[in-house]
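Notes follow once the structure below has been shown.
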Amino acid sequence: KMTFQIFLYQQKYFNQLCQVMDKGRMQELKNENLEAVFVSLRNAPYLDYFLSCRIYIAVERQKLVGFVGAKPHHLEFLYVDPDKQGQGIGTALMKRVLLDLNRPVQLDVFTHNLKAKRLYQKFGFQVIDSVTEKWSDAYPVDFSQDKMKLN
């Protein structure tokens, strides 16, 4: 059985956090045929916003294996190292972050990210809206995203 601790993000884990985010993000984008829009976290335009979230990390033997980031009513990010998925890390991170969040809580997830949606549904999130839009002017590819809500 895997043993990991969950605690608030510390700056010394920044490089590992970037690695897990980048691996998870690429996995997620591949699933949507959007690999071309991948930007590593350390170069992402949203890095400051990301770091302004309340972030909990899951650490196993000094190695960051997953994290979740949130704002008061919004789950912003949840990534588990693809090599460590299916071992309860995402569930443990969700349990921890939901203790802090005021209801209702919303999140956005790619429509076809069924693994993530199953996790969110396990905690009572329901799809309240679906939107298909172009990624950007520079990369005008359609993608579909669901808004989920927990009351």
Side-chain angles (χ1 to χ4, degrees), residues 2 4-9 13 16-42 44-60 64-151:
M2 184 155 163
F4 55 89
Q5 290 84 37
I6 292 179
F7 48 88
L8 276 171
Y9 168 71
Y13 286 100
Q16 292 186 43
L17 185 132
C18 288
Q19 287 171 351
V20 169
M21 171 83 175
D22 290 353
K23 277 171 80 176
R25 185 74 176 148
M26 185 51 98
Q27 177 189 42
E28 178 183 50
L29 291 170
K30 264 193 182 131
N31 195 36
E32 305 293 320
N33 293 313
L34 288 169
E35 302 98 305
V37 303
F38 174 79
V39 178
S40 92
L41 177 60
R42 100 184 37 253
Y46 54 82
L47 177 61
D48 289 341
Y49 180 82
F50 174 86
L51 292 172
S52 75
C53 291
R54 184 172 185 89
I55 301 170
Y56 288 100
I57 59 176
V59 175
E60 178 188 36
L64 190 146
V65 292
F67 65 89
V68 61
K71 294 280 187 180
H73 287 277
H74 208 271
L75 191 69
E76 299 288 346
F77 304 92
L78 172 65
Y79 288 96
V80 174
D81 182 326
D83 300 333
K84 299 287 187 178
Q85 289 172 2
Q87 299 180 30
I89 299 166
T91 297
L93 286 165
M94 282 294 290
K95 283 181 181 163
R96 180 61 196 88
V97 77
L98 286 174
L99 296 175
D100 287 357
L101 296 182
N102 304 321
R103 305 296 185 269
V105 180
Q106 291 196 358
L107 61 85
D108 298 303
V109 60
F110 285 125
T111 301
H112 305 296
N113 191 346
L114 302 181
K115 205 188 278 190
K117 286 168 70 175
R118 273 196 302 273
L119 174 65
Y120 302 141
Q121 285 163 341
K122 187 162 89 173
F123 286 92
F125 281 87
Q126 293 176 319
V127 175
I128 55 167
D129 194 21
S130 288
V131 186
T132 299
E133 54 195 353
K134 298 244 178 289
W135 186 265
S136 66
D137 290 343
Y139 194 74
V141 170
D142 285 344
F143 74 102
S144 181
Q145 190 164 266
D146 291 350
K147 186 171 287 303
M148 297 182 80
K149 186 175 181 181
L150 173 65
N151 288 312

Exercise for the section: Applying side-chain contact (heavy atoms from CB on, under 4.5 Å), run through Leu75 and Leu150 and close with a yes or a no. Expected result: CA-CA 10 Å; Leu75 191 69; Leu150 173 65; over 6 Å; no

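- In this structure, Phe67 has its ring center at least 6.0 angstrom away from the ring center of Phe77.
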Problem - Phe125/Lys149 under side-chain contact (heavy atoms from CB on, under 4.5 Å): CA gap, chis, key distance, verdict - result: CA-CA 5 Å; Phe125 281 87; Lys149 186 175 181 181; 5.5 Å; no

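- Note that the CG atom of Asp142 and the CD atom of Glu133 stand 9.0 Å from one another [nearest 0.5 Å].
- Between Asp137 and Pro140, the shortest heavy-atom contact is O-CD, 3.6 Å.
- In this structure, Phe123 and Lys95 have side chains that are in contact, with non-hydrogen atoms separated by less than 4.5 Å.
- Residues Arg96 and Val68 fail the side-chain proximity criterion, which asks for heavy atoms closer than 4.5 Å.
- Considering only heavy atoms from C-beta on, Leu119 stays 4.5 Å or farther from Gln121 through its side chain.
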Handout entry: Intermediate values then yes/no, side-chain contact (heavy atoms from CB on, under 4.5 Å), His73 and Val105
Key = CA-CA 5 Å; His73 287 277; Val105 180; 5.7 Å; no

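- Pairing each heavy atom of Phe4 with each of Gly88, the nearest pair is CZ-O, 3.9 Å.
- Side-chain contact between Glu32 and Val141 is absent, with no heavy-atom pair separated by less than 4.5 Å.
- The two residues Val20 and Val65 come nearest to each other via the heavy atoms CG1-O, 4.3 Å.
- The minimum heavy-atom distance between Thr91 and Lys122, with the atom names listed, is OG1-NZ, 2.8 Å.
- Counting heavy atoms from C-beta outward, Leu78 and Met94 have side chains that approach closer than 4.5 Å.
- Here the side chain of Asn31 pairs a donor or acceptor atom with the backbone of His112 at under 3.5 angstrom.
- When every heavy atom of Ala58 is checked against every heavy atom of Ile89, the shortest pair comes out as CB-CG2, 3.7 Å.
- Side chain of Gln85 to backbone of Val80: a donor-acceptor contact under 3.5 angstrom is found.
- The structure places CG of Asp22 at 9.5 Å from OH of Tyr79, a figure rounded to the nearest 0.5 Å.
- Looking at Ser144, its side chain never comes within 3.5 Å of a backbone N or O of Thr111 through a donor-acceptor pair.
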Exercise for the section: Output, in order, the C-alpha distance, side-chain angles, deciding distance and verdict of side-chain contact (heavy atoms from CB on, under 4.5 Å) for Leu64 and Gln19. Expected result: CA-CA 9 Å; Leu64 190 146; Gln19 287 171 351; over 6 Å; no

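- Atoms CZ and NZ, on Phe110 and Lys115 in that order, are 15.5 Å from each other to the nearest 0.5 Å.
- In this structure, the side chains of Glu76 and Tyr49 come closer than 4.5 Å at one or more pairs of heavy atoms.
- Once rounded to the nearest 0.5 Å, the distance linking NZ of Lys23 with SG of Cys18 reads 13.5 Å.
- Contact between Leu93 and Ile57 at its shortest, heavy atoms only, is CD2-C, 4.1 Å.
- In this structure, the separation between CG on Asn151 and CZ on Arg103 is 9.5 Å, given to the nearest 0.5 Å.
- Two residues are said to be in side-chain contact when any heavy atoms from C-beta on lie closer than 4.5 Å; Arg54 and Leu8 meet this criterion.
- Proximity of Asn113 to Gln27: side-chain heavy atoms (C-beta onward) are nowhere separated by under 4.5 Å.
- Separating the NZ atom in Lys71 from the OG atom in Ser52 is a distance of 2.5 Å, to the nearest 0.5 Å.
- Heavy atoms from other residues, nucleotides or ligands lying under 6.0 Å from CD of Gln126 number 12 at most.
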